[in-house]
Participant: 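Below are the structure tokens for one structure; questions will follow.
In each ligand, atom 1 is the first atom listed, and ligand 1 is the first ligand listed.
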Amino acid sequence: MRVAEAVKARRSIRGFKPDPVPEELLREILDIARHAPSNCNTQPWHITVVSGEARNKLEDAIVTEILSGKAPSPAFKPGDADLDGVYKERQFDCAMTYYGTMGIERHEKDKRQALMLKNWQFFGAPHVAFISMPTGMGSVNAIDIGIYLQTLMLLLVDYGLASIPQGALAFFPDPVKEIANLPEGHGIICGLSFGYEQPGEQINKVIMDRAPLEDVVTLIS
Ligand SMILES: Cc1cc2nc3c(=O)[nH]c(=O)nc-3n(C[C@H](O)[C@H](O)[C@H](O)COP(=O)(O)O)c2cc1C
């Protein structure tokens, strides 16, 4: 598969088959992902993949925490905080496309919340990864995490797998720290649920468009 094909083929997939990815295959993919570049080659990322019984235990622990009313406590400022202007508009359009595809109207708060909760049920994926970096690091180092994340997501596509990156998985770090044993001093930037796509699921019909080229690129000569 050409890189251009993988970039175009990747989409956020939120409906998965229960079948786990063989560990040998997973190790092969993660071994290649290590080649992602980073500032001064610091490789600030750590990825913890949770599967099987531990994955189910973690889902229970996070959902219990959320339903008990605990407030989110992310280590880093969430990506949707303080948006305005065109970015706020794009966030709104994203929500309209997502809920619209799922047949959920704006006023149907319970349905929206139930869909939101699926984030912490890892959208039914058999594997969930938590990507962390040292909490003392900042936005420039977070570029490295983003590059690593996209490298990994494209590799998953190349190997016939699907994934959904989730900032929401940074919101309730305590059960993750307890069960998934993150490195000391690390904070979660985001999570990635992944596995084999369940074809035909309505949630996998969400197609997000992009701003036109001229809105995001300036060519000067
Ligand atoms: C860093 C990051 C965090 C995201 N967090 C979430 C999330 O918490 N829940 C979710 O359903 N989608 C999440 N997404 C998916 C985006 O909504 C999606 O990438 C965007 O709408 C473009 O759609 P596409 O990935 O299908 O091309 C996240 C994406 C990124 C890159």
Participant: Can you name the atoms of ligand 1, numbered from 1 with element, that are less than 4.0 Å from a heavy atom of Asn119?
Facilitator: 7 (C), 8 (O), 9 (N), 10 (C), 11 (O)

Participant: Atoms of ligand 1 less than 4.0 Å from Met208 heavy atoms?
Facilitator: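 With Met208 as reference, the close atoms of ligand 1 come out as 21 (O), 22 (C), 23 (O).
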
Participant: Please work out, at 4.0 Å between heavy atoms, whether the side chain, the backbone, both, or neither of Phe123 comes within that distance of ligand 1.
Facilitator: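 Looking at Phe123 and ligand 1, just side chain atoms fall under 4.0 Å.
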
Participant: Regarding Arg112 and Glu108, does a basic nitrogen lie under 4.0 Å from an acidic carboxylate oxygen?
Facilitator: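 Looking at Glu108 together with Arg112, the answer is no, because their closest N to O distance does not fall below 4.0 Å.
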
Participant: Passes side-chain hydrogen bond (donor to acceptor under 3.5 Å, both in side chains), Glu28 versus Tyr159? Steps please.
Facilitator: CA-CA 10 Å; Glu28 187 177 324; Tyr159 279 75; 2.8 Å; yes

Participant: Note the single closest protein heavy atom to atom 2 (C) of ligand 1, along with its residue, its atom name and the distance in Å.
Facilitator: Pro165 CB, 4.2 Å

Participant: Taking N or O atoms only and a 3.5 Å limit, does Ala168 qualify as a polar contact for ligand 1?
Facilitator: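 Yes, since at least one N or O of Ala168 sits under 3.5 Å from an N or O of ligand 1.
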
Participant: Drop me the distance from Asp144's CG to Asn39's CG, to the nearest 0.5 angstrom.
Facilitator: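 Taking CG in Asp144 and CG in Asn39, the distance rounds to 5.5 Å.
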
Participant: Within the 4.5 Å heavy-atom criterion, are Phe122 and Ile62 side-chain neighbours or not?
Facilitator: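 Answer yes - side chains close enough.
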
Participant: What do you reckon, does Ser12 have a nitrogen or oxygen under 3.5 Å from a nitrogen or oxygen of ligand 1?
Facilitator: yes

Participant: Report yes if Gly167 has an N/O atom closer than 3.5 Å to an N/O atom of ligand 1; otherwise report no.
Facilitator: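 Such a contact does occur with ligand 1.
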
Participant: Please work out which of Arg210, Arg14, Lys8 has its closest non-hydrogen atom nearest to atom 10 (C) of ligand 1.
Facilitator: Arg14

Participant: Any side-chain donor paired with an acceptor under 3.5 Å for Gln91 and Lys88?
Facilitator: yes

Participant: Count the heavy atoms belonging to other residues, nucleotides or ligands that lie under 6.0 Å from CD of Glu178, then report whether that count exceeds 12.
Facilitator: no

Participant: With backbone taken as N, CA, C and O and side chain as the heavy atoms from C-beta onward, which portion of Leu169 lies under 4.0 Å from ligand 1: side chain, backbone, both, or neither?
Facilitator: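 Neither part.
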
Participant: For ligand 1, which part of Ile164 has a heavy atom less than 4.0 Å away: the side chain, the backbone, both, or neither?
Facilitator: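 It is the side chain that touches ligand 1; the backbone stays farther off.
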
Participant: Taking both backbone and side-chain atoms of Arg11, is any N or O found less than 3.5 Å from an N or O belonging to ligand 1?
Facilitator: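 In fact, backbone or side chain, Arg11 has no N or O that close.
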
Participant: Would you check if Tyr148 and Ile47 make a side-chain contact, meaning some heavy-atom pair closer than 4.5 Å?
Facilitator: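 Side-chain contact under 4.5 Å: yes.
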
Participant: Under 3.5 Å, is there a donor-acceptor pair between the side chain of Arg11 and the main chain of Val206?
Facilitator: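 Indeed, once roles are kept as given, a pair shorter than 3.5 Å links the two residues.
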
Participant: Nearest heavy atom to atom 1 (C) of ligand 1 wins, so pick from Ile189, Ile207, Leu149.
Facilitator: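 Residue with the shortest heavy-atom distance to the ligand atom: Leu149.
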
Participant: Rounded to the nearest 0.5 Å, what separates atom CG in Leu154 from atom CD in Glu5?
Facilitator: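 Output value for this atom pair is 12.0 Å.
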
Participant: Please determine whether any non-hydrogen atom of Cys94 lies less than 4.0 Å from an atom of ligand 1.
Facilitator: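 Cys94: in contact with ligand 1 (<4.0 Å).
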
